[in-house]
Amino acid sequence: MTDFALAPHRLVAIRVPHRAWTVAGATCLSILAAAAAFGAPNVLNLQLGQELGWDVATLSSASAVRLAAFGVAGLLASPLTDLWGVRRVACTGLAMTAAGLVASLAMTHVWQLMLLWGVLVGFGAGLVFLMLGTTVAARWFATRRGLVIGLFGAAATAGQMATLPLLASVADAHGWRVCLLVPCALVALGALAVHVLVPERPEDVGLRPYGARQGEGDLQAMASRSVRESLQEIVRSGPFWVLFGSFAVCGATTVGLVQAHLVPFCADLGVGSVPATGLIAWMGLLSLLGSTAAGWLSDRFAPGWLLFWFYGLRGLSLVCLPFTELSFVGLSLFATVYGLDWVATVPPTARLLLDHLGRARAPTALGLVFAGHQLGAAAAAYGAGMLRIGLESYLPSFLAAGALCLLAACVLPVACARNPDGPVAQAAP
């Protein structure tokens, strides 16, 4: 009789998913919100420049500042999280992002553009974008990490790209100031989700990480070494520096070049802002599939060879672009290939860092690698704008970006071969 009475409760317990998936869902929403706020200025640059008389060089400089601030925040996010906790750092970052957007409604000077759309939005989004996803994946998932990181990458891309047609339509109909209300609302919703649904660690709510076996050491015990010791081990790793360089190429060819300059590039070809943002949105939708598939593949195949294919295909698409008709149809084909590859590099890169450096050091290492990503993005955002002014064309920038991708594709499989001794995470730190 007792067993019969307990049966419904056992059935419910079987059907309720692990709390880690609720945490992952809240994390996806927060990353999407931060990414949407970070990408919104790229849609509004043309309107802003026309209203205030700012040229492409000025707007490109603000984009470079935003990307650099984003990278610095990614570098500091991991130690700040260890000091203050996940929720406090994430909510602070989202609040900074919203403050930069709201205050920009009244900006009239270039220094305000640099401070608000550059430093505040970039630094605030950077505290959330990388830190939250990496920390949640490391703390809450002992298995399926590649898939979860892929989902976080898909959320980031959806926020930066899939929301652009909505933002462009609102901006065309009501102006860029009204348009900013959309990412502000998303940021508020993301901050609420993190505050309510994301505990610091699974141990705080009496759980083990998803897929963890009884007796496995928790991340907090593994992370007992000093920050200095962890950094020394990271910088001595050859694969770390290869991934740092390749991720700088990734940032230069995606966020720095395509995301920041595709809309003005299309304007040079006579394609309007709404169709151009539609191309970026199409990339964003395809990147959801590409990032998720890359995460799934990273759990099953050698990540170094996955990066070979991802960087190689990206490089070929960039090199071939100048030899197409550069019509809307040709650009749509380019966007299809590029979109599937946009965030596909993130899960294999994260997986390689986990394999070579372990769970305790991987979040810090990924923060450093992502700082390289944003430095490359900042350099490309500024450099492509200056080349556009000097040469009156974006095509040399696309060719140079394609060559860098092909170089990265050749180096990665050999330099980042899987650790023959197994993941460092299994060894005592």
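Only heavy atoms go into these numbers, but all of them, side chains included; no hydrogens, no water, no symmetry mates.
- Under the side-chain contact (heavy atoms from CB on, under 4.5 Å) test applied with C184, the options L105, L101, T97 reduce to a single match, L101.
- Judged purely by atom type and a 3.5 angstrom limit, W342 has no side-chain atom pairing as donor or acceptor with the backbone of M283.
- Using bins of under 30°, 30° to 60° and over 60° for the plane-to-plane angle, the ring pair F398/Y394 lands in the perpendicular bin.
- When only modelled atom types and interatomic distance are considered, W282 and T336 share a side-chain donor-acceptor pair under 3.5 Å.
- The shortest distance between side-chain heavy atoms of P347 and L297 does not fall below 4.5 Å.
- Residues T349 and P303 fail the side-chain proximity criterion, which asks for heavy atoms closer than 4.5 Å.
- To the nearest 0.5 Å, atom NE2 of residue H373 and atom OG of residue S246 are 10.0 Å apart.
- Scanning all heavy atoms of the two residues, the minimum distance from A98 to V187 falls at CB-CG1, 4.0 Å.
- Side-chain rings of F301 and W296 stay apart, their centers remaining 6.0 Å or farther from each other.
- For R388 and S393, the side-chain atoms include no donor-acceptor pair closer than 3.5 Å.
- For the pair M96 and L127, the minimum side-chain heavy-atom distance is below 4.5 Å.
- No side-chain heavy atom of L116 sits under 4.5 Å from any side-chain heavy atom of V121.
- Y338 is not listed as a side-chain neighbour of L313, based on a closest heavy-atom distance of 4.5 Å or more.
- For the residue pair W117/S104, the side-chain donor-acceptor check at 3.5 Å is satisfied.
- Between atom CG of residue L333 and atom CG of residue L321 there is a gap of 10.0 Å, rounded to the nearest 0.5 Å.
- Nearest heavy-atom pair, A409 versus F308, reported as atom, atom and distance to 0.1 Å: O-CD1, 2.9 Å.
- Between A380 and L257, the closest heavy-atom pair is CB-N, 4.3 Å.
- Note that NE2 of H174 and CG of L181 are 10.5 Å apart. Values are rounded to the nearest 0.5 Å.
- Taking W84 as the reference, nothing meets the ring pair (Phe, Tyr, Trp, His ring centres under 6.0 Å) condition, with sequence neighbours excluded.
- Nearest approach of G190 to S30, heavy atoms of both residues: O-OG, 2.9 Å.
- Within the model, atoms CG of D341 and CH2 of W309 stand 12.5 Å from one another, a figure rounded to the nearest 0.5 Å.
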Let's go through L115 and M107 carefully: what are the C-alpha distance in whole Å and the side-chain angles of both, what is the deciding distance for side-chain contact (heavy atoms from CB on, under 4.5 Å) to 0.1 Å, and is it a yes or a no? CA-CA 10 Å; L115 175 63; M107 68 180 174; over 6 Å; no

Take T253 and L318, measure what side-chain contact (heavy atoms from CB on, under 4.5 Å) needs, and give me the verdict at the end. CA-CA 9 Å; T253 54; L318 289 167; 4.1 Å; yes

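- Within 6.0 Å of CH2 in W54 there are more than 12 heavy atoms belonging to other residues, nucleotides or ligands.
- Within a 6.0 Å radius of CZ in R177, other residues, nucleotides and ligands contribute more than 12 heavy atoms.
- Side-chain rings of F123 and F70 stay apart, their centers remaining 6.0 Å or farther from each other.
- Residue A106 comes nearest to Q112 through the heavy atom pair O-OE1, 4.4 Å, listed as atom of the first residue, atom of the second, then distance.
- For the pair L407 and Y311, the minimum side-chain heavy-atom distance is 4.5 Å or more.
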Going through the distances and angles, do L180 and V102 end up as a side-chain contact (heavy atoms from CB on, under 4.5 Å)? CA-CA 8 Å; L180 288 179; V102 172; over 6 Å; no

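- Taking all atoms of both residues into account, the shortest heavy-atom contact from E200 to V86 is OE1-N, 2.8 Å.
- Distance check, rounded to the nearest 0.5 Å: CG of L192 to CG of L29 gives 9.0 Å.
- Side-chain contact check for L307 versus L352: some heavy-atom pair is nearer than 4.5 Å.
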Begin with the C-alpha distance, continue with both residues' side-chain angles, and end with the deciding distance and a verdict on side-chain contact (heavy atoms from CB on, under 4.5 Å) for L197 and V23. CA-CA 6 Å; L197 299 175; V23 174; over 6 Å; no

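- Of the possible polar contacts, none joining the H356 side chain to the F240 backbone as a donor-acceptor pair under 3.5 Å is found.
- Side-chain contact between F310 and C405 is absent, with no heavy atoms from C-beta onward closer than 4.5 Å.
- Once rounded to the nearest 0.5 Å, the distance linking CG of L243 with CG of L368 reads 12.0 Å.
- Counting non-hydrogen atoms of neighbouring residues, nucleotides and ligands closer than 6.0 angstrom, the CZ atom of F244 exceeds 12 such neighbours.
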